[in-house]
Amino acid sequence: MAFGPAWDASSDPTTVGVAATFVVPATECDLACPVCVIKQRGEAKSPVLTAADYGHFLQAAFAVLPVMRVCIQGYEPLLPESWDCTKALLGASRISAVPTSVITNGTHLSDRVVELEALDVGKLTVSLDSSDLVTNDRRRGRKGAFQKTVSGIERAVKSRVLANRVAVASILYPHGVEALIGMPEFLASVGIRRWSLSPLIRIGHDGSQGGFVESADRVKAAVEVLAREAGRYDLEFFVDDEFKVLDASSWTPEETRPSRRAIARAERLLRLDPQGGLSVGRDLLAESRFARARWIPGDESPTEFIQRAVPELIAPEPLGIA
Ligand code: SF4
């Protein structure tokens with residue numbers, strides 16, 4: 001689900017507060033990954049929220065919730081159609097000194113580096129699914145995706161502000177080791193030091209929760225191979241299992257070198273989608289229509305909505321708007 005890449009395991013915001021994550025309202029991505037979680041969840045079908053709504057929501061969240069990190073992802077936050085919303089969220093976070101993360105497909109990254117520096121984005125995760133151009137583009141559903149994404153990565157790595165904040169995330173498909181085996185060498189060659197792996201997720205339908213497509217044993221076998229390869233190039237390497245849905249009881253740190261990254265308290269992870277749906281924790285493994293609550297900006301202030309939707313997360317004392 002790609003939240004793990006949005007922060008380091010050592011600074012998981014849900015251990016002490018709330019992580020506020022956002023899907024910003026592009027009606028269509030410029031790539032067409034057949035496994036897209038945003039598409040599977042139906043989050044961006046009929047966007048109703050504007051950039052101003054996102055800004056108002058976040059200011060209200062800062063005032064009443066202990067927000068420790070803001071994370072922006074998909075459809076694609078750097079697209080022209082999404083960029084005003086992304087800027088509104090990053091700008092409000094910067095003013096309130098709340099750390100931020102952006103997860104991007106990287107195709108517009110080259111053009112946004114200067115603005116992302118100015119907005120002081122804290123962590124930038126770029127998704128790339130193979131070091132092989134043809135394989136990557138097939139998985140991302142568009143020819144030319146690889147070259148645009150890699151140009152973006154190279155540009156970000158040259159930025160004095162962003163160089164140490166950039167990481168790459170890849171999806172591990174079933175039987176997908178071959179497509180990823182060349183990634184560590186490739187990433188090292190372009191100056192990337194952190195790589196994370198997200199086993200493929202299937203979103204649940206009709207209210208049922210989804211989960212990983214592969215069994216824990218098969219994921220483990222793939223991870224062992226890829227971890228060894230990452231070690232050869234001295235990369236930091238993580239496997240993302242945000243909601244602890246992987247039965248990893250048979251894994252040991254000795255056997256499986258990378259850290260398995262999970263969210264400490266999933267019930268403190270919020271996600272606002274462009275239809276105003278607010279999903280909480282493991283709700284995110286099901287379609288957006290099963291969201292905890294839905295915000296209609298004309299009908300309810302953002303503060304009233306947050307108080308109605310997640311009363312259990314309200315901070316005991318007013319936090320004030322920074
Ligand atoms: S790049 Fe991301 S948002 Fe776009 S289709 Fe692929 S998974 Fe979905």
Side-chain angles (χ1 to χ4, degrees), residues 1-23 37 41 58 61-62 64-74 89 93 96-103 121-125 127 165 167 169 171-172 194-201 203-204 209-212 216 219-220 223 227 236-273 278-286 291-293 306 309-317 319:
M1 186 67 83
F3 292 111
W7 48 78
D8 294 318
S10 58
S11 64
D12 179 348
T14 67
T15 57
V16 289
V18 167
T21 73
F22 296 89
V23 175
V37 162
R41 294 196 74 228
L58 190 54
F62 287 155
V64 296
L65 297 173
V67 178
M68 295 295 166
R69 181 166 284 264
V70 170
C71 171
I72 307 161
Q73 63 179 145
L89 292 167
S93 304
S96 295
V98 175
T100 53
S101 308
V102 168
I103 301 177
V121 66
K123 192 147 192 267
L124 186 65
T125 300
S127 47
R165 305 180 185 184
I171 293 179
L172 173 66
R194 282 190 297 276
W195 182 38
S196 64
L197 206 61
S198 299
L200 183 63
I201 278 186
I203 292 299
Q209 271 189 6
F212 290 133
V219 171
K220 181 182 169 190
V223 163
E236 264 184 69
F237 181 54
F238 299 96
V239 178
D240 284 307
D241 178 18
E242 285 113 334
F243 299 112
K244 302 178 190 158
V245 293
L246 193 65
D247 175 11
S249 50
S250 65
W251 294 29
T252 67
E254 293 75 30
E255 282 177 328
T256 314
R257 295 291 306 156
S259 305
R260 173 170 161 252
R261 223 163 27 175
I263 293 166
R265 298 159 80 190
E267 68 281 6
R268 301 183 75 86
L269 175 72
L270 310 181
R271 167 141 147 164
L272 185 71
D273 68 44
L278 189 74
S279 300
V280 182
R282 280 173 163 249
D283 294 354
L284 272 72
L285 291 169
R292 163 90 64 102
I306 292 167
V310 283
E312 73 280 12
L313 299 182
I314 301 290
E317 299 295 330
L319 300 171

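What you are looking at is a predicted structure, and each value in this text was computed from that prediction instead of being measured. Numbers here are sequence positions counted from 1.
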Could you tell me which non-hydrogen atom of [X] sits nearest to which non-hydrogen atom of [Y], and how far apart they are?
X	Y	result
A61	V67	O-CG2, 3.8 Å
A6	R69	O-NH1, 3.7 Å
A169	T125	CB-CG2, 3.7 Å

From [X] [atom1] over to [Y] [atom2], what is the distance, rounded to the nearest 0.5 angstrom?
X	Y	atom1	atom2	answer
L278	I306	CG	CD1	8.0 Å
T14	I263	OG1	CD1	6.0 Å
S93	L58	OG	CG	4.5 Å
W7	D12	CH2	CG	6.0 Å
L172	L197	CG	CG	5.0 Å

Hey, is the main chain of [Y] close enough, under 3.5 Å, to the side chain of [X] for a donor-acceptor pair?
X	Y	result
T21	L270	yes
R282	F243	yes
T100	G122	yes
R41	I203	no
R261	D240	no

State, yes or no, whether a side-chain contact exists between [X] and [Y] at a heavy-atom distance under 4.5 Å.
X	Y	value
P66	V16	no
F212	L200	no
C71	I103	yes

Does a salt bridge link R292 with E312, judged by any charged N lying under 4.0 Å from a carboxylate O? yes

Could you go through I314 and L65, starting from their C-alpha distance and side-chain angles, then the distance that decides it, and tell me whether this counts as side chain to side chain contact (heavy atoms under 4.5 Å, CB included)? CA-CA 5 Å; I314 301 290; L65 297 173; 4.1 Å; yes

Under the ring-ring contact (aromatic ring centres under 6.0 Å, His included) test, which residues partner W195, sequence neighbours left out? F237

Would you please name every residue forming a salt bridge (Lys or Arg N to Asp or Glu O under 4.0 Å) with R265, sequence neighbours left out? none

